[in-house]
There are 4 protein chains.
Amino acid sequence: MDQITKDIVNNTIRIRPNNSYKGTYGKVGLIGGNQNFGGAIIMASSAAVHSGAGLVTTFTDKINLSSLHDHLPEAMFADYNDEETLKSLIPTFNVIVIGPGLGTDTKSLKILNKVFSLIQKNQIVVIDGSAITMIAKHKIKLPNAIKIFTPHQMEWQRLSDIKINNQNENQNMIKVKELNSIVVLKSHHTEVYNSDSVFQNPGGTPAQATGGMGDTLAGMIGGFVAQFNNKYNAVLSAVFMHSKIADELAKDQYVVLPSQIINQIPNFMKKYEKI
Amino acid sequence: MDQITKDIVNNTIRIRPNNSYKGTYGKVGLIGGNQNFGGAIIMASSAAVHSGAGLVTTFTDKINLSSLHDHLPEAMFADYNDEETLKSLIPTFNVIVIGPGLGTDTKSLKILNKVFSLIQKNQIVVIDGSAITMIAKHKIKLPNAIKIFTPHQMEWQRLSDIKINNQNENQNMIKVKELNSIVVLKSHHTEVYNSDSVFQNPGGTPAQATGGMGDTLAGMIGGFVAQFNNKYNAVLSAVFMHSKIADELAKDQYVVLPSQIINQIPNFMKKYEKI
Amino acid sequence: MDQITKDIVNNTIRIRPNNSYKGTYGKVGLIGGNQNFGGAIIMASSAAVHSGAGLVTTFTDKINLSSLHDHLPEAMFADYNDEETLKSLIPTFNVIVIGPGLGTDTKSLKILNKVFSLIQKNQIVVIDGSAITMIAKHKIKLPNAIKIFTPHQMEWQRLSDIKINNQNENQNMIKVKELNSIVVLKSHHTEVYNSDSVFQNPGGTPAQATGGMGDTLAGMIGGFVAQFNNKYNAVLSAVFMHSKIADELAKDQYVVLPSQIINQIPNFMKKYEKI
Amino acid sequence: MDQITKDIVNNTIRIRPNNSYKGTYGKVGLIGGNQNFGGAIIMASSAAVHSGAGLVTTFTDKINLSSLHDHLPEAMFADYNDEETLKSLIPTFNVIVIGPGLGTDTKSLKILNKVFSLIQKNQIVVIDGSAITMIAKHKIKLPNAIKIFTPHQMEWQRLSDIKINNQNENQNMIKVKELNSIVVLKSHHTEVYNSDSVFQNPGGTPAQATGGMGDTLAGMIGGFVAQFNNKYNAVLSAVFMHSKIADELAKDQYVVLPSQIINQIPNFMKKYEKI
């Protein structure tokens with residue numbers, strides 16, 4: 001299994017063309033954050049904004065509107081319970097991130113199904129957290145779009161039917177091909193699969209073993225694929241960068257918080273910008 | 001087309017007279033932020049406060065009260081749906097900024113019309129974002145006041161009927177004279193028109209191509225024209241400063257967020273203060 | 001007129017005794033922040049906390065609860081519309097600060113009257129902003145307590161019936177004696193009166209001429225008088241420190257925000273701690 | 001009485017194993033924050049997150065949801081008034097912290113009783129603030145679990161029936177054995193008891209005599225016992241670290257705020273990590 005290298009990242013994070021505008025960097029819609037897990041979608045949205053997505057809209061429960069705007073005035077709000085809003089807005093995004101803090105109850109399931117029914121062929125959809133769990137449990141038909149899954153090992157077991165102990169490159173690859181998707185299998189050294197290759201992330205620290213890290217990564221991936229043409233390399237770069245920042249911060253910190261990683265994204269992307 | 005120079009800015013940002021008080025630096029009312037775009041008016045208001053406006057009141061939907069006060073306790077709140085409030089307060093401001101996150105639905109339109117009907121001749125009104133779109137669409141009569149428009153190229157097309165590809169100095173100037181206004185035409189190198197001259201902004205970086213930048217600029221312009229006598233030079237200086245800060249931050253950041261620019265305004269204004 | 005000196009401040013900010021606890025540093029209740037001016041009472045409360053008050057409770061409209069707790073989790077909340085709460089809590093404070101963002105409508109007036117009726121003889125009450133305006137307008141009887149007024153010049157005109165142009169040491173002193181209070185008359189060089197002396201503040205910068213500065217000073221005064229025995233010197237020290245911080249920050253900033261001053265209070269108090 | 005030493009702390013804060021995940025570091029549920037004291041449970045929760053707890057859920061009044069998520073998106077929310085939620089979630093935690101800002105009214109009492117009835121034998125419960133007061137007042141039966149009490153001297157008087165003046169090692173130890181608990185008796189030099197030993201905290205500064213310090217300590221203890229095997233040493237280390245951070249910050253600050261201590265936890269834990 002190859003390692004994600006600094007070179008891949010360097011070749012992905014292009015120098016922004018002078019004559020560009022926010023539309024150049026993609027419209028990202030993030031969907032999640034029920035009445036208990038509002039923080040998750042705030043972190044994912046903030047990661048997308050700090051990664052450089054051009055325009056970010058957060059679809060969440062109305063109860064999270066105040067904390068979203070205060071924490072991240074750069075994001076726009078949409079009510080994920082309002083079907084008309086979903087219908088008119090979902091098709092307008094380049095990238096959809098669904099799952100952070102979405103929950104798994106009937107309301108969550110309804111939203112997931114509705115969003116999937118609206119997704120267009122040319123859209124990219126990042127599928128995270130409880131969205132993966134619901135897909136596995138309810139055998140939900142996947143949309144005909146560019147799909148990126150970000151399961152941790154237990155979620156991958158649910159989705160792939162491969163027990164954690166049996167999760168190895170060969171077994172995983174069979175399922176990845178079947179899914180016809182990019183799969184980010186999160187663990188101590190995260191592995192990133194697409195249909196014909198797999199890369200392992202060299203970094204990662206136990207200092208980042210804390211709630212919200214996955215939400216942050218999902219948002220970063222959303223922001224990266226919105227901007228960079230080679231989607232697989234964009235995902236590899238987001239995974240690399242996420243743990244690179246954590247590794248650096250962990251030199252001085254026993255724990256690294258998601259919010260701290262998010263704040264460092266613009267600086268670290270600059271360091272790895274294509275020369 | 002002349003370039004905005006450091007000299008213009010230096011001659012605009014006067015040393016504050018010792019015997020002055022908050023009233024000296026103007027009362028600014030900012031109007032916008034519907035139930036989806038509350039972040040926009042928070043950023044615009046914060047930019048006005050950080051630019052040194054004496055007193056800032058934010059007219060927005062009540063749903064945005066909490067995030068506004070938490071993010072920016074320096075700003076006062078007013079409910080933009082309350083006509084009595086609009087009637088009693090609008091005439092008391094030196095500067096009105098209308099548009100950031102206002103939206104374009106019937107409620108937004110009603111507010112815009114109401115505010116325009118209340119604006120007095122000696123007031124300055126900065127017209128941004130969805131306010132421009134509504135003016136173009138509904139042929140709204142402009143108030144008899146000192147007007148500053150801040151369109152991006154597509155909004156300028158709507159307002160001026162000049163297609164983006166045909167937007168050049170001559171064509172634009174004809175429309176600017178007709179509007180009898182200052183027009184800040186936002187693009188990679190923003191151009192600032194008044195009836196007898198036009199300046200181009202030398203700065204600007206693709207790192208700032210992200211949502212909320214326009215809202216931030218509108219708030220800065222509001223803050224600058226509230227304080228400095230020569231209104232055209234105040235606008236030129238706000239445009240220059242906005243991109244100057246972004247250019248500096250972009251040396252270390254791949255993306256520059258509106259909130260980060262806002263925080264730097266007091267320091268950069270000090271650097272460019274008249275000697 | 002004497003100047004407030006560094007020595008007065010040095011002799012006031014005592015070294016905290018080792019064997020002390022939060023009760024040693026006073027209970028401060030701050031009352032204000034209606035549905036439009038919530039930020040004012042947040043800033044005042046934050047200034048009291050950062051000045052070292054032992055326990056801070058903020059009495060405000062329920063609509064401000066979220067922004068208060070998020071901005072300043074150190075403060076407790078109480079609903080200022082709830083008479084039972086006022087009745088049981090008001091007598092428990094060492095210091096009451098009333099006025100920041102309280103407003104002047106009938107609801108505000110009712111709260112002011114209620115609070116004044118509950119204040120005990122040994123309590124200190126700092127009377128600021130709209131509370132002063134209402135006292136002047138409605139000839140409200142002052143409570144029999146230790147009173148500190150913090151008017152700007154127009155509020156002093158309302159309270160004292162001395163026109164701004166006629167406000168001089170002699171005229172002011174007559175009224176101060178009549179009020180039997182400490183009066184902080186805010187202007188470019190703020191003057192602090194008590195019944196037998198008056199001091200002028202040497203510092204102050206036009207960079208601090210922005211909304212919220214008075215609220216911040218009122219909260220600092222509340223925090224200082226809660227901790228230091230000589231009440232007049234505590235007020236002099238708060239006034240001195242408030243502008244000292246602004247003067248320092250203004251070396252690098254064109255404007256100084258109240259929130260920025262508040263954050264510096266603990267560091268500046270340390271610099272001026274009694275040796 | 002022995003002193004807590006740097007060695008105890010060094011031997012407690014283990015180097016995190018590489019092959020670990022957030023589940024390794026414990027699930028912590030914090031319960032408190034009524035409609036007046038929401039800030040208390042926010043500070044306690046933030047302290048737990050910054051101490052490295054793997055997953056943090058905050059059980060509080062719904063009115064505190066916005067400020068919680070905005071201040072600390074890393075924490076999940078649960079409504080402490082919803083008995084079904086308590087029933088399904090309480091047994092899933094490794095550590096329960098109950099008390100910060102919980103209040104002492106009938107609603108608070110009901111929640112305390114409900115939570116205690118749900119606690120399992122192998123769970124750790126940190127009992128703080130108003131929870132202690134209610135236990136003393138209503139003679140509440142303690143759960144059969146690993147119990148840690150964090151009273152200040154007055155709360156200890158209520159719980160132990162030992163008057164503050166009579167609180168000495170021998171008297172306290174009798175009651176501690178009866179409680180079969182760890183007891184953190186907070187004072188200038190905090191003492192930490194378990195059934196066969198007692199340690200005194202060498203640090204602590206009067207600069208930290210301000211509201212919210214106890215809530216912060218309770219949250220830190222929750223975070224530490226969730227991660228480190230020797231529970232008594234984990235408590236000793238949290239107590240040591242809490243005042244160590246305050247002592248360091250107090251070198252430059254006259255007052256130290258709970259929020260400032262919280263932000264420093266990850267860095268200080270790193271400094272004391274086992275070598």
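Chain identifiers are assigned alphabetically (A, B, ...) following the order of the sequence lines, protein sequences preceding nucleic acid strands; residue numbering begins at 1 within each chain.
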Of the backbone (N, CA, C, O) and the side chain (C-beta and beyond), which part of [X] lies under 4.5 Å from a heavy atom of chain D, both, or neither?
X        : value
A:Lys186 : neither
A:Ile63  : both
A:Gln153 : neither

Counting only heavy atoms closer than 4.5 Å, note whether [X] contacts chain A via side chain, backbone, both or neither.
X        : value
D:Gln264 : neither
D:Lys271 : neither
D:Ser51  : backbone
D:Val56  : neither
D:Tyr21  : backbone

Would D:His69 and A:Asn64 count as a side chain to side chain contact (heavy atoms under 4.5 Å, CB included) here? Give the steps. CA-CA 8 Å; D:His69 280 332; A:Asn64 298 315; 3.7 Å; yes
If you round to the nearest 0.5 Å, how far is [atom2] of [Y] from [atom1] of [X]?
X       : Y        : atom1 : atom2 : result
D:Ser46 : A:Leu257 : OG    : CG    : 7.5 Å
A:Ser66 : D:Leu65  : OG    : CG    : 10.0 Å
A:Asn36 : D:Thr58  : CG    : OG1   : 11.0 Å

Flag, side chain of D:Asn267 to backbone of A:Asp252, donor-acceptor distance under 3.5 Å =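 Yes, because the side chain of D:Asn267 sits within donor-acceptor range (under 3.5 Å) of the backbone of A:Asp252.
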Any side-chain to backbone donor/acceptor pair from A:His71 onto D:Asp70? Under 3.5 Å, distance only.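 At least one qualifying donor-acceptor pair exists.
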State, with a plain yes or no, whether a side-chain heavy atom of A:Tyr254 is found less than 4.5 Å away from one of D:Ile13.
->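 SC-SC contact between A:Tyr254 and D:Ile13 confirmed.
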Notebook entry, point to check: If we only count heavy atoms from C-beta on, is the D:Pro73 to A:Ser259 side-chain gap below 4.5 Å?
Noted result: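 SC-SC contact between D:Pro73 and A:Ser259 confirmed.
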- Going by the side-chain contact (heavy atoms from CB on, under 4.5 Å) test, name the single residue among D:Lys270, D:His50, D:Arg16 that passes it with A:Val255.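 It is D:Arg16, the one option of D:Lys270, D:His50, D:Arg16 that forms the side-chain contact (heavy atoms from CB on, under 4.5 Å) with A:Val255.
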Just checking A:Lys62: does its NZ atom have more than 12 heavy atoms from other residues, nucleotides or ligands closer to it than 6.0 angstrom?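 No, not enclosed.
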- request: Please check if atom CG in D:Asn229 has more than 12 non-hydrogen atoms from other residues, nucleotides or ligands closer than 6.0 Å.
  value: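 No.
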**Asked** Side chains of D:Glu74 and A:Thr210: do they bring a donor and an acceptor to under 3.5 Å?
**Response**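 Short answer, no.
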query = Any luck finding a side-chain donor-acceptor pair between D:Lys22 and A:Gln208 under 3.5 Å?
reply =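 No.
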Inset, instruction - Output the option from A:Gly211, A:Pro206, A:Gly33 having the highest count of non-hydrogen pairs under 4.5 Å with chain D. - result: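 Highest number of pairs under 4.5 Å: A:Pro206.
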Go through A:Gly204, A:Gly101, A:Ser187, A:Ala207 and name the one with the most non-hydrogen pairs under 4.5 angstrom from chain D.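 The candidate making the most pairs under 4.5 Å is A:Ala207.
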